[in-house]
Amino acid sequence: MASYNQGCLILVGILVTLSLPYSHAFWGNENKIQTAVFVSPKFVLGPGSVENRFYYNVNFPKGHIAVKSFDAEVIDEAGNPIPLHETYLHHWVVIRYYVRKGVEISEFDNPRKFNESDYISGRNSGICQNLGQFFGLGSETRKTSTHVPNPYGIEVGNPAEIPSGFEEQWMLNVHAIDTRGAEDKLGCTECRCDLYNITVDEYGRPLRPDYKGGLLCCYDHTQCKVKHGFEAVRRTLYLRYTVKWVDMDRSVLPVKIYIFDITDSWKRSRSSTGIIAEHECKVEYDIESCDATGMGDDGCIDTRRISLDMPFGGYLIYGVAHQHSGGTGSALYREDGQLMCSSLPTYGEGEEPGNEAGYIVGMTTCYPKPGTVEISKGETLILESNYSRIRHHTGVMGLFYILVADKLPKPMQALHTVVQTQDSIMVVTILWAAVALIGVVAVIVVAVHYRLKSEGEDGYEAIGM
């Protein structure tokens, strides 16, 4: 009887494991998700004003961990979420760096004043030198998933990666624009230079004549035009950010962060290798409006495509785009046109935070089935970004974030080999059918055994045993 029970339990365990999504089947119970909510240093905004602040050594979970998600939103002193039509969150980004032990960097310091030998960048794995952030979004932050599926995580705090004599710290950049009473809310959020009365950048350098709008015109403490006579109080705001993580161990597979930019000027040549030094990412660009040729709204789309050779390989785990108002979606393709990942904007329809009409309040994300989307080192990928051209837009962005794993969980590696065959679907179907049949037979045998045992020896004799 004991042997029957053990065999049945083992079989049931196998069936349950196989019936679970792979991520749960390989996720240990010891990896309990931990959550912490932090608040940035305060920033103060009045109607039309801008804050673009860099806060160093901000709060972040300690230890060797794997981050599972990172979400943020703007709140007031009472903790109430602030809608985009009052304070537009242009972007927030979180960047890792290493500082020599004993060198103090406060929240408001600029590390440029420190010796280069005391400060080391801890950027992501991407190919754009000026896009080194680990986390970051914009107006879409409230309704965009940042969850990293099991058994993967973004590894940080690894003692083996921290330079000797240094410690890991984090910088938070918050760029917010108060549009209460603005003459042109959208123009303020797109940083149109004429609305800010800006002709030089934050370092006093003249802007080029054809620069109509973008980050160079809405830097810290600039002021966008508000309606004559409009008054409202200056208010104190914060960025509230929520981090979820697990302790790093062998059950967690690390993923690397790559960010692509539609303005990347990289061009393939005989000597090109795809390394970071060859990429010039301008981050923002303008969208010209449709001309008066009778073109319908459906055809009034600005589509930009660039090709990039991948200096890395691995399995695509997650993808999401970052666009501004007017965006209609972005996608990543293989060179033969096969879609790998797409991300579409969600526009708000109301007034409440997270549903503000006319603003992008979320971007869809892609989570490919593990092992189904593999990137080969040296492979050419195509990035596409689409915007509406119904009106002129300045300072828009076309970024694409992806998470890539170097390897799959071990059982998945065997399955990955199987699904590469032409008859993979049939093979998997047959395997499942076989497992199910074994399970049914085992249940019948156990049931018969207990039935006969309850009937005694006469029951066994009735079936010739």
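In this chain, residues are counted from 1 in sequence order. Source: prediction; values computed, not measured.
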Residues 326-334 side chain polar contacts: donor-acceptor under 3.5 Å, at least two apart:
unit_1	atom_1	unit_2	atom_2	d
Thr328	OG1	Asn386	O	3.2
Ser330	OG	Glu384	O	2.6
Arg334	NH1	Glu374	O	3.1
Arg334	NH1	Glu379	OE1	3.2
Arg334	NH1	Glu379	OE2	2.6
Arg334	NH2	Glu374	O	2.9

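Salt bridge status for Asp302 with Arg304: present, with a side-chain N to carboxylate O gap under 4.0 Å. Remark: Arg235 engages Glu86 in a salt bridge, criterion side-chain N to carboxylate O under 4.0 Å.
For the pair Thr87 and Thr179, the minimum side-chain heavy-atom distance is 4.5 Å or more. Between Leu215 and Glu284, some side-chain heavy-atom pair lies under the 4.5 Å cut-off. Between Pro81 and Glu73 the shortest side-chain heavy-atom distance falls below 4.5 Å. The shortest side-chain heavy-atom distance between Tyr56 and Tyr119 falls under the 4.5 Å cut-off. For the pair Asn52/Asn173, a side-chain contact is recorded, criterion being any heavy-atom separation below 4.5 Å from C-beta on. Side-chain contact between His64 and Pro159 is present, with heavy atoms from C-beta onward closer than 4.5 Å. By the 4.5 Å heavy-atom criterion applied to side chains, Met248 and Ile65 are not counted as neighbours. The shortest side-chain heavy-atom distance between Tyr347 and Val361 does not fall under the 4.5 Å cut-off.
Scanning both residues, Ile402 and Phe260, for their nearest heavy atoms gives CD1-CE1, 3.6 Å. When every heavy atom of Asn124 is checked against every heavy atom of Gln133, the shortest pair comes out as ND2-O, 2.6 Å. Nearest heavy atoms, Tyr152 versus Pro409: OH-CD, 3.4 Å. Nearest heavy-atom pair, Pro345 versus Ile360, reported as atom, atom and distance to 0.1 Å: CB-CD1, 3.8 Å. Closest approach of Ile375 to Met310, counting heavy atoms only: CG2-CG, 3.8 Å. Across all their heavy atoms, Val94 and Trp92 have their closest contact at CG2-CZ3, 3.8 Å.
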Checklist entry - Between Ser49 and Asp178, is a side-chain hydrogen bond (donor to acceptor under 3.5 Å, both in side chains) present by the stated rule, with each step listed? => result CA-CA 5 Å; Ser49 66; Asp178 192 314; 5.1 Å; no

Next on the checklist: For a side chain to side chain contact (heavy atoms under 4.5 Å, CB included) check, start with the C-alpha distance between Phe135 and Ile95, then their side-chain angles and the critical distance, and finish with the verdict.
Outcome noted: CA-CA 7 Å; Phe135 314 99; Ile95 297 176; over 6 Å; no

Item to check | CA sep, side-chain torsions, deciding dist, call: Leu239, Leu89, side chain to side chain contact (heavy atoms under 4.5 Å, CB included) | outcome: CA-CA 10 Å; Leu239 188 80; Leu89 184 57; 4.2 Å; yes

Next on the checklist: Could you walk me through whether Arg53 and Leu172 satisfy the side chain to side chain contact (heavy atoms under 4.5 Å, CB included) test, starting with their C-alpha distance in whole Å, then the side-chain angles of each, then the deciding distance to 0.1 Å, before giving a yes or no?
Outcome noted: CA-CA 8 Å; Arg53 306 301 299 274; Leu172 169 66; over 6 Å; no

Next on the checklist: side-chain hydrogen bond (donor to acceptor under 3.5 Å, both in side chains), that's the test. Do Asn150 and Lys68 meet it? Break it down for me.
Outcome noted: CA-CA 9 Å; Asn150 298 338; Lys68 300 294 293 180; 2.8 Å; yes

Item to check | Working for ring pair (Phe, Tyr, Trp, His ring centres under 6.0 Å), residues Phe43 and Tyr238 | outcome: CA-CA 6 Å; Phe43 51 96; Tyr238 306 85; 7.3 Å; no

Checklist entry - Hey, mind stepping through Ser385 and Gln323 against side-chain hydrogen bond (donor to acceptor under 3.5 Å, both in side chains) and telling me if it holds? => result CA-CA 8 Å; Ser385 181; Gln323 292 188 313; 3.2 Å; yes

Next on the checklist: Could you go through His322 and His91, starting from their C-alpha distance and side-chain angles, then the distance that decides it, and tell me whether this counts as ring pair (Phe, Tyr, Trp, His ring centres under 6.0 Å)?
Outcome noted: CA-CA 10 Å; His322 169 65; His91 69 262; 8.0 Å; no

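Under 3.5 Å, the side chains of Ser145 and Tyr367 contain a donor-acceptor pair of N or O atoms. A side-chain N or O of Asp309 and one of Thr380 form a donor-acceptor pair less than 3.5 Å apart. His85 and Glu351 form a side-chain donor-acceptor contact under 3.5 Å, judged by distance and modelled atom types alone. Judged by distance alone, the side chains of His279 and Gln129 never bring a donor and an acceptor atom under 3.5 Å apart.
Although no hydrogens or angles enter the test, the distance criterion places no donor-acceptor pair under 3.5 Å between the side chain of Arg250 and the main chain of Leu253. Glu168 places no side-chain N or O within donor-acceptor distance of the main-chain N or O of Tyr98, the cut-off being under 3.5 Å. The main-chain N or O of Gly354 is found under 3.5 Å from a side-chain atom of Lys143 such that the two form a donor-acceptor pair. Here the side chain of Glu356 pairs no donor or acceptor atom with the backbone of Tyr88 at under 3.5 angstrom. Between the side chain of His221 and the backbone N or O of Glu51, no donor-acceptor pair lies under 3.5 Å. In this structure a side-chain-to-backbone donor-acceptor pair under 3.5 Å is present from Asp286 to Gly395. Checking side-chain atoms of Ser289 against main-chain N and O of His392 turns up no donor-acceptor pair under 3.5 Å. Put simply, the side chain of His393 never gets that close to the backbone of Glu288: no donor and acceptor are under 3.5 Å apart. Checking side-chain atoms of Arg192 against main-chain N and O of Gly213 turns up no donor-acceptor pair under 3.5 Å. For the pair Thr144 (side chain) and Thr141 (backbone), a donor-acceptor distance under 3.5 Å is absent.
Disulfide criterion (SG-SG under 2.5 Å) for Cys128 and Cys281: met. For the two cysteine residues Cys217 and Cys191, the thiol sulfurs sit 2.5 Å or further apart.
Legend: residues meeting salt bridge (Lys or Arg N to Asp or Glu O under 4.0 Å) with Asp76, ordered by chain and number and at least two apart, are absent.
Tested against Val373 for a side-chain contact (heavy atoms from CB on, under 4.5 Å), the candidates Cys366, Cys341, Pro368 yield a single pass: Pro368.
Around atom CG of Asn197, no more than 12 heavy atoms belonging to other residues, nucleotides or ligands sit under 6.0 Å away. The local environment of CD in Glu352 is crowded, with over 12 non-hydrogen atoms from other residues, nucleotides or ligands closer than 6.0 Å.
Taking OG of Ser69 as the reference point, atom NZ of Lys244 lies at 5.0 Å (rounded to 0.5 Å). Note: Thr222 OG1 to Ile198 CD1 = 6.0 Å, rounded to the nearest 0.5 Å. Between atom CG of residue Asn130 and atom CG of residue Asp261 there is a gap of 7.5 Å, rounded to the nearest 0.5 Å. Note that SG of Cys218 is 12.5 Å distant from CD of Gln223, once rounded to the nearest 0.5 Å.
In this pair, Tyr285 and Tyr387 present their aromatic rings perpendicular. The plane angle is above 60°, beyond the 30 to 60° band. A perpendicular orientation is assigned to the rings of Trp170 and Phe134, their planes being inclined by more than 60° (bins at 30° and 60°). The aromatic rings of Phe70 and Tyr241 sit parallel to each other, their planes meeting at less than 30°, with 60° as the upper class boundary.
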